[in-house]
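Remember, it's a predicted structure, so these values are computed and weren't measured experimentally.
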Amino acid sequence: MAGKVFFSVTMSLDGFIAPEERRDEPDVQRWMAQWMELQQWIFPQRFFRERLKLGEGGEEGRDNDIVQETFERTGASVMGKRMFDLGEQAWPEEAPFHTPVFVVTHETRDPWARPGGTTFHFVNDGIETALDQARGAAGDRDVRIAGGGATILEYVNAGLIDEFSIALSPVLFGSGIRLFEGVDAGRVALEPVRAEPTQRVTHLTYAVRER
């Protein structure tokens with residue numbers, strides 16, 4: 001039985017998943033500070049720290065459980081080229097996915113295998129082909145659309161997402177990259193699956209259906 005296609009992101013209370021794309025100096029420090037504030041709930045989690053090689057220890061509890069569940073349900077991931085480019089510079093040598101990852105790109109490149117089971121495959125003929133390949137690799141586990149926001153939105157508007165989860169973070173950006181900017185709202189309807197507050201964020205999960 002094929003698994004679900006889902007995405008999970010952290011979003012600010014006013015609907016942004018990243019600060020404005022002004023990564024040029026001197027704004028890079030401001031960009032990083034805002035992004036770290038948005039993601040501050042996940043870095044202390046024990047499972048996340050282990051995956052990113054951030055050191056031993058960390059918090060255990062519901063936030064940690066949800067991070068672990070997200071990784072463990074994922075049999076393969078899909079991401080856009082920009083997210084890959086950023087991650088290629090930031091991920092440790094043992095990239096945190098430990099599954100096949102399919103990168104949607106116009107660039108032709110051989111698969112890139114990393115220690116620990118992550119292999120990046122570069123797909124040149126669109127989001128549906130990338131998803132087909134990810135489904136084949138995932139088996140009966142789920143496929144995660146890892147990001148970034150533009151790639152997630154492409155899959156949402158193509159009707160290819162079954163479920164999504166948002167960690168709603170209690171910060172305000174005022175401007176930046178909106179996850180749902182340009183969403184085909186006339187096509188997508190949502191059914192609540194979970195709303196679970198913790199001390200750090202509120203975890204929201206929705207099933208997606210066509211109107």
| task | Please test Val208 against Leu190 for side chain to side chain contact (heavy atoms under 4.5 Å, CB included), starting from the C-alpha separation and ending with a verdict. | result | CA-CA 5 Å; Val208 179; Leu190 304 175; 3.9 Å; yes
Show every donor-acceptor pair shorter than 3.5 Å between a side-chain atom in residues 52-65 and any protein atom, with sequence neighbours excluded, or say none if there are none.
{"from": "Glu59", "atom 1": "OE1", "to": "Gln45", "atom 2": "NE2", "distance (Å)": "3.4"}
{"from": "Glu59", "atom 1": "OE1", "to": "Arg200", "atom 2": "NE", "distance (Å)": "3.2"}
{"from": "Glu59", "atom 1": "OE2", "to": "Arg200", "atom 2": "NH2", "distance (Å)": "2.5"}
{"from": "Glu60", "atom 1": "OE2", "to": "Arg46", "atom 2": "NE", "distance (Å)": "3.2"}
{"from": "Arg62", "atom 1": "NE", "to": "Glu196", "atom 2": "OE1", "distance (Å)": "3.4"}
{"from": "Arg62", "atom 1": "NE", "to": "Glu196", "atom 2": "OE2", "distance (Å)": "2.6"}
{"from": "Arg62", "atom 1": "NH1", "to": "Glu69", "atom 2": "OE2", "distance (Å)": "3.2"}
{"from": "Asp63", "atom 1": "OD1", "to": "Thr198", "atom 2": "OG1", "distance (Å)": "3.0"}
{"from": "Asp63", "atom 1": "OD1", "to": "His203", "atom 2": "NE2", "distance (Å)": "2.7"}
{"from": "Asp63", "atom 1": "OD2", "to": "Thr198", "atom 2": "OG1", "distance (Å)": "3.1"}
{"from": "Asn64", "atom 1": "OD1", "to": "Arg46", "atom 2": "N", "distance (Å)": "3.1"}
{"from": "Asn64", "atom 1": "OD1", "to": "Phe47", "atom 2": "N", "distance (Å)": "2.7"}

| query | Taking Arg211 for the side chain and Ala185 for the main chain, is one N or O donor matched with an acceptor at less than 3.5 Å? | reply | yes
| request: Apply side-chain contact (heavy atoms from CB on, under 4.5 Å) to Gln89 and list each qualifying residue two or more places apart in sequence or on a separate chain. | output: none
| request: Begin from the C-alpha positions of Arg187 and Glu210 and carry the test salt bridge (charged side-chain N to carboxylate O under 4.0 Å, His left out) through to its verdict. | output: CA-CA 6 Å; Arg187 177 174 184 174; Glu210 290 191 7; 3.7 Å; yes
Would you give me the side-chain donor-acceptor pairs under 3.5 Å for residues 155-168, sequence neighbours excluded?
{"from": "Tyr155", "atom 1": "OH", "to": "Ile127", "atom 2": "O", "distance (Å)": "2.6"}
{"from": "Asn157", "atom 1": "OD1", "to": "Asp184", "atom 2": "N", "distance (Å)": "2.6"}
{"from": "Asn157", "atom 1": "ND2", "to": "Gly182", "atom 2": "O", "distance (Å)": "3.1"}
{"from": "Asp162", "atom 1": "OD2", "to": "Val5", "atom 2": "N", "distance (Å)": "2.8"}
{"from": "Glu163", "atom 1": "OE1", "to": "Lys4", "atom 2": "NZ", "distance (Å)": "3.1"}
{"from": "Glu163", "atom 1": "OE2", "to": "Arg73", "atom 2": "NH1", "distance (Å)": "3.0"}
{"from": "Glu163", "atom 1": "OE2", "to": "Arg73", "atom 2": "NH2", "distance (Å)": "3.3"}
{"from": "Ser165", "atom 1": "OG", "to": "Thr205", "atom 2": "OG1", "distance (Å)": "3.0"}

| message | Run the side-chain contact (heavy atoms from CB on, under 4.5 Å) test against Ala195 and tell me which residues pass, sequence neighbours left out. | response | Leu204
| Any Thr105 side-chain heavy atom under 4.5 Å of Asn124 side chain | yes
| request: Compute the ring centroids of Phe48 and Trp41, then answer whether they are less than 6.0 Å apart. | output: no
| said: Tell me every residue that passes side chain to side chain donor-acceptor pair (under 3.5 Å) with Glu154, counting only those two or more places apart in sequence or in another chain. | reply: none
| query | Do the side chains of Leu172 and Phe180 join up, straight or via other hydrophobic residues, at under 4.5 Å, putting them in one cluster? | reply | yes
| message | Let me check something: do Val9 and Val183 share a hydrophobic cluster, defined by ILVMFWY side-chain heavy atoms less than 4.5 Å apart, either directly or through other members? | response | yes
| query | Is the shortest heavy-atom distance from the side chain of Val123 to the side chain of Val103 under 4.5 Å? | reply | no
| Should Ile152 and Met83 be regarded as members of a common hydrophobic cluster, given that ILVMFWY residues are connected when their side-chain heavy atoms come within less than 4.5 Å of each other, either directly or indirectly? | no
| said: Applying side chain to side chain contact (heavy atoms under 4.5 Å, CB included) to Phe43 and Arg49, what does each step give before you reach the verdict? | reply: CA-CA 6 Å; Phe43 284 97; Arg49 295 183 61 79; 5.5 Å; no
| message | Restricting to salt bridge (charged side-chain N to carboxylate O under 4.0 Å, His left out), what partner residues turn up for Glu88, sequence neighbours left out? | response | Arg109
| request: State whether the side chain of Arg141 and the backbone N or O of Thr74 hold a donor-acceptor pair below 3.5 Å, judged by distance alone. | output: yes
| Partners meeting side-chain contact (heavy atoms from CB on, under 4.5 Å) with Ala113 (sequence neighbours left out) | Thr119
| Any pair counted as side-chain hydrogen bond (donor to acceptor under 3.5 Å, both in side chains), so long as it reaches residues 172-182, sequence neighbours left out | Glu20-Ser175
| said: If hydrophobic clusters are built from ILVMFWY residues whose side chains come within less than 4.5 Å, do Ile42 and Met32 share one? | reply: yes
| query | Going by the salt bridge (charged side-chain N to carboxylate O under 4.0 Å, His left out) test, which pairs reach into residues 115-138, not counting sequence neighbours? | reply | none
| Should Lys81 and Glu107 count as an ion pair when the cut-off is N to O under 4.0 Å? | yes
| query | Any side-chain heavy atom of Val101 within less than 4.5 Å of one from Val78? | reply | no
| query | How long is the span from the CD1 atom in Ile17 to the CG atom in Leu179, to the nearest 0.5 Å? | reply | 5.0 Å
| Shortest non-hydrogen contact between Gln34 and Pro19, atoms and distance | OE1-CB, 3.4 Å
| note | By side-chain contact (heavy atoms from CB on, under 4.5 Å), Asp110 pairs with (sequence neighbours left out) none
| Quick one: are the ring centres of Phe122 and Phe84 less than 6.0 Å apart? | yes
| said: Is there a side-chain contact between Thr70 and Ser8 in this structure, where contact means two heavy atoms from C-beta onward sitting under 4.5 Å apart? | reply: yes
| message | Counting the benzene-type ring for Trp, do Phe97 and Trp91 have ring centres under 6.0 Å apart? | response | yes
| task | Quick one: pull up OG in Ser77 and CG in Asp142 and give me the separation to the nearest 0.5 Å. | result | 10.5 Å
| request: Would you indicate whether the side-chain heavy atoms of Arg51 and Glu94 approach each other to under 4.5 Å? | output: no
| Heavy-atom closest pair, residues Thr118 and Ala95 | OG1-O, 3.4 Å
| query | Are Met36 and Ile177 co-members of a hydrophobic cluster defined by side-chain heavy atoms under 4.5 Å apart? | reply | no
| message | List the residues meeting salt bridge (charged side-chain N to carboxylate O under 4.0 Å, His left out) with Glu191, not counting sequence neighbours, and say none if there are none. | response | Arg209
| request: List the atom of Ala76, the atom of Ala137, and the distance in Å for their closest heavy-atom pair. | output: CB-CB, 4.3 Å
| field | side chain to side chain contact (heavy atoms under 4.5 Å, CB included) assessment of Met11 paired with Phe16 | value | CA-CA 5 Å; Met11 188 170 75; Phe16 299 96; 5.8 Å; no
| For Ala130 and Val104, which heavy atoms make the closest approach, and how far apart are they? | CB-CG2, 3.7 Å
| request: Give the other cluster members for Phe6, using side-chain heavy-atom distances under 4.5 Å between Ile, Leu, Val, Met, Phe, Trp and Tyr residues; answer none if it is isolated. | output: none
| request: Scan Val201, Asp14, Leu38 and name whichever one has a side-chain contact (heavy atoms from CB on, under 4.5 Å) with Val171. | output: Leu38
